[in-house]
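The chains referred to below are lettered A, B, ... by the order of the sequence lines, with proteins before strands, and numbering in each begins at 1. All values below come from the heavy atoms of this structure, side chains included, with hydrogens, waters and symmetry mates left out.
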2 protein chains.
Amino acid sequence: MQIGELARSTGVKIETIRYYEREQLLPVPQRTDGNYRLYSPRDVEQLRFICYCRSLDMSLEEVRLLIGVLDTPSGSCLTVNALLDEKIAEVDARVNELHKLQDQLRQLRGFCQQPDEVKTCGILMELNRSAGIDKAQI
Amino acid sequence: MQIGELARSTGVKIETIRYYEREQLLPVPQRTDGNYRLYSPRDVEQLRFICYCRSLDMSLEEVRLLIGVLDTPSGSCLTVNALLDEKIAEVDARVNELHKLQDQLRQLRGFCQQPDEVKTCGILMELNRSAGIDKAQI
DNA sequence: CCTTGACCCTGAAGCCACTTCAGGCTTTTC
DNA sequence: GAAAAGCCTGAAGTGGCTTCAGGGTCAAGG
Ligand SMILES: [Zn+2]
Ligand SMILES: [Zn+2]
Ligand SMILES: [Zn+2]
Ligand SMILES: [Zn+2]
């Protein structure tokens with residue numbers, strides 16, 4: 001299977017596949033006589049694994065770590081648990097941040113119902129005011 | 001006021017301030033005889049405005065746009081409203097994504113209560129299985 | 001007067017996870 | 001035999017900074 005077929009069957013762009021190879025997330029593939037990369041079903045699985053981990057918001061560094069762990073089946077999975085706990089905490093924190101942000105943005109949006117002139121726009125006035133308040137707090 | 005004081009009074013790093021200047025988010029400041037940057041209280045306000053917009057998750061490009069709007073006080077604030085609406089939609093979408101991610105991560109974490117060997121770890125088995133399922137779906 | 005240290009300067013490179021580009025080779029198809 | 005589709009490499013660009021190398025400026029202390 002050539003790189004194009006691997007790309008089609010995983011939804012990963014060709015350039016990204018080459019990038020993962022450079023970054024040592026995918027093994028160095030065989031080559032044809034014409035120097036084209038050749039992939040096996042095993043490589044498809046590994047690429048899917050990477051994608052799934054990425055969809056769980058893991059960094060490539062973290063995926064690399066997981067792949068390393070998988071390569072030593074008799075080791076302990078402590079690091080995996082730690083990684084997940086850290087991820088969960090990160091995502092929870094980010095969700096809390098975004099909830100606050102939602103409130104702020106909606107409130108701000110409420111300051112201008114009908115578009116008006118810039119100099120009297122409630123949004124812009126509020127943006128300036130809030131920047132000033134932050135100043136006072138520091 | 002020199003750049004160090006501006007940095008202290010806003011909590012923005014010196015390098016970031018110079019970066020904002022390069023990116024035309026802050027006006028080119030005056031200089032002392034020794035070529036040190038000199039800032040006015042107006043600059044402090046502008047920097048705070050930038051920070052506040054950044055805290056609302058706006059990109060520097062968007063902040064640049066807002067600053068541009070502020071500089072033409074007799075114009076309409078339509079673009080400001082549009083920008084905010086887009087931001088709100090973006091944040092809402094991201095929150096929904098992260099909620100799903102939270103569920104997935106917690107479920108995954110549940111597959112390994114006590115650390116065991118890599119080859120029997122529920123987390124790793126589930127990671128591999130899910131990557132395969134995603135495959136089947138495509 | 002000279003040195004120390006705090007402060008400041010510039011331009012370039014590094015970070016992540018890719019994407020895009022320039023320029024060229026291989027294979028398939030008409 | 002020529003076009004089109006597919007593949008190759010290495011380098012540079014993205015955003016929003018941060019870090020680094022290699023300096024210059026200025027006030028205080030000895
Ligand atoms: Zn919620
Ligand atoms: Zn308005
Ligand atoms: Zn939920
Ligand atoms: Zn386990």
Side-chain angles (χ1 to χ4, degrees), chain A residues 1-26 28-40 43 46-67 83 86-87 90-91 94 97 101, chain B residues 1-26 28-40 43 46-67 83 86-87 90-91 94 97 101:
Chain A
M1 158 188 283
Q2 295 184 178
I3 199 168
E5 200 187 331
L6 178 60
R8 271 189 304 279
S9 72
T10 57
V12 179
K13 288 193 175 187
I14 289 179
E15 298 82 8
T16 308
I17 295 173
R18 287 197 283 246
Y19 171 70
Y20 286 165
E21 181 186 331
R22 274 202 304 285
E23 294 294 311
Q24 316 210 43
L25 289 158
L26 288 173
V28 176
Q30 285 185 272
R31 299 276 182 145
T32 66
D33 290 349
N35 200 32
Y36 286 12
R37 287 172 177 81
L38 272 184
Y39 294 99
S40 70
D43 295 319
Q46 177 127 348
L47 183 49
R48 281 188 204 286
F49 180 83
I50 295 168
C51 292
Y52 186 63
C53 290
R54 292 285 301 136
S55 82
L56 296 178
D57 244 31
M58 295 183 196
S59 69
L60 293 188
E61 182 58 39
E62 288 165 337
V63 180
R64 228 188 317 262
L65 186 144
L66 280 185
I67 290 176
L83 195 156
E86 200 191 316
K87 270 297 124 188
E90 272 175 37
V91 174
R94 185 68 184 140
E97 274 177 28
L101 186 53
Chain B
M1 157 189 287
Q2 295 185 181
I3 198 168
E5 199 187 331
L6 178 59
R8 271 190 302 279
S9 72
T10 56
V12 178
K13 287 193 174 188
I14 288 179
E15 297 82 8
T16 307
I17 294 174
R18 287 197 283 245
Y19 172 71
Y20 286 166
E21 181 185 331
R22 273 203 304 287
E23 293 295 311
Q24 317 211 41
L25 290 157
L26 288 174
V28 176
Q30 285 186 272
R31 299 275 181 147
T32 65
D33 290 349
N35 201 31
Y36 286 13
R37 286 171 178 80
L38 273 185
Y39 294 99
S40 71
D43 296 318
Q46 177 127 347
L47 183 50
R48 281 186 203 287
F49 180 82
I50 295 168
C51 291
Y52 185 63
C53 290
R54 292 285 301 135
S55 82
L56 297 179
D57 244 28
M58 294 184 197
S59 69
L60 294 188
E61 182 57 41
E62 289 164 337
V63 180
R64 227 188 318 262
L65 187 144
L66 280 185
I67 291 176
L83 195 155
E86 201 191 317
K87 270 296 125 191
E90 271 175 36
V91 174
R94 185 67 185 140
E97 274 177 28
L101 186 54

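The phosphate of dC9(C) has OP1 or OP2 within less than 4.0 Å of a side-chain N or O from R37(B). One finds a side-chain N or O of R31(A) lying less than 4.0 angstrom from the OP1 or OP2 phosphate oxygen of dT9(D). Taking 4.0 angstrom as the limit, K13(B) places none of its side-chain polar atoms (N or O) nearer than this to OP1 or OP2 of dG16(D). Proximity of T32(A) to the phosphate of dT26(C): no side-chain N or O atom is located under 4.0 Å from OP1 or OP2. Between Y20(A) and the phosphate of dC18(C), there is a side-chain N or O to OP1/OP2 separation shorter than 4.0 Å.
In the interface, the side chain of Y36(B) is not paired with the base of dC26(D) through any donor and acceptor atom under 3.5 Å apart.
At a threshold of 4.0 angstrom between heavy atoms, the contacts of Q2(A) are confined to the sugar-phosphate backbone, with no base atom among them. Contacts of S59(A) with the nucleic acid, taken as non-hydrogen atoms under 4.0 Å apart, involve only primed sugar atoms and P, OP1 or OP2.
In this structure, L6(A) atom CG and dG6(D) atom P are separated by 15 Å, rounded to whole Å. Whole-Å rounding puts the E21(A) CD to dC8(D) P distance at 9 Å. As a whole-Å value, the separation of M1(A) CE from dC7(D) C1' is 16 Å. Distance, R22(B) CZ to dG16(D) P: 14 Å, rounded to whole Å. Note: CD (Q24(B)) to C1' (dG16(D)) measures 16 Å, nearest angstrom. Rounded to whole Å, atom P of dC20(D) lies 15 Å from atom CD1 of I14(B). Taking atom CG of N35(B) as the reference point, atom P of dG22(D) lies 21 Å away to the nearest angstrom. One can place CD of E61(A) at 8 Å from P of dC16(C), the figure rounded to the nearest angstrom.
Along DNA chain D, the nucleotide closest to G4(A) and the one closest to M58(B) are compared, and the more 5′ of them pairs with G4(A). Closest-nucleotide positions on DNA chain D for D33(B) and R64(B) were compared, and the one nearer the 5' end corresponds to R64(B).
Closest heavy-atom contact between L56(B) and L101(A): CA-CD1, 3.4 Å. Among all heavy-atom pairs drawn from T10(A) and R48(A), the shortest one is CA-NH1, 4.0 Å.
Remark: the backbone N or O of E23(B) is paired with a side-chain donor or acceptor of R64(B) at under 3.5 angstrom. At least one donor-acceptor pair under 3.5 Å links the side chain of K87(B) to the backbone N or O of D57(B).
Listed nucleotides: dT19(C), dC8(D), dC9(C). Nearest to the side chain of R18(B): dC9(C). When distances run from any side-chain atom of Y19(A) to the nucleotides dA17(C), dC8(C), dC7(D), the shortest one goes to dA17(C). Minimum atom distance to the side chain of E15(A) is reached by dT19(C), of the listed dT10(C), dC8(C), dT19(C). Nearest nucleotide to the side chain of R54(B), out of dT20(C), dC17(D), dC8(D): dC17(D).
For Q24(B), the CD atom is loosely surrounded, since the number of other residues' heavy atoms within 6.0 Å does not exceed 12. Within a 6.0 Å sphere centred on CD of Q30(A), heavy atoms belonging to other residues, nucleotides or ligands number 12 at most.
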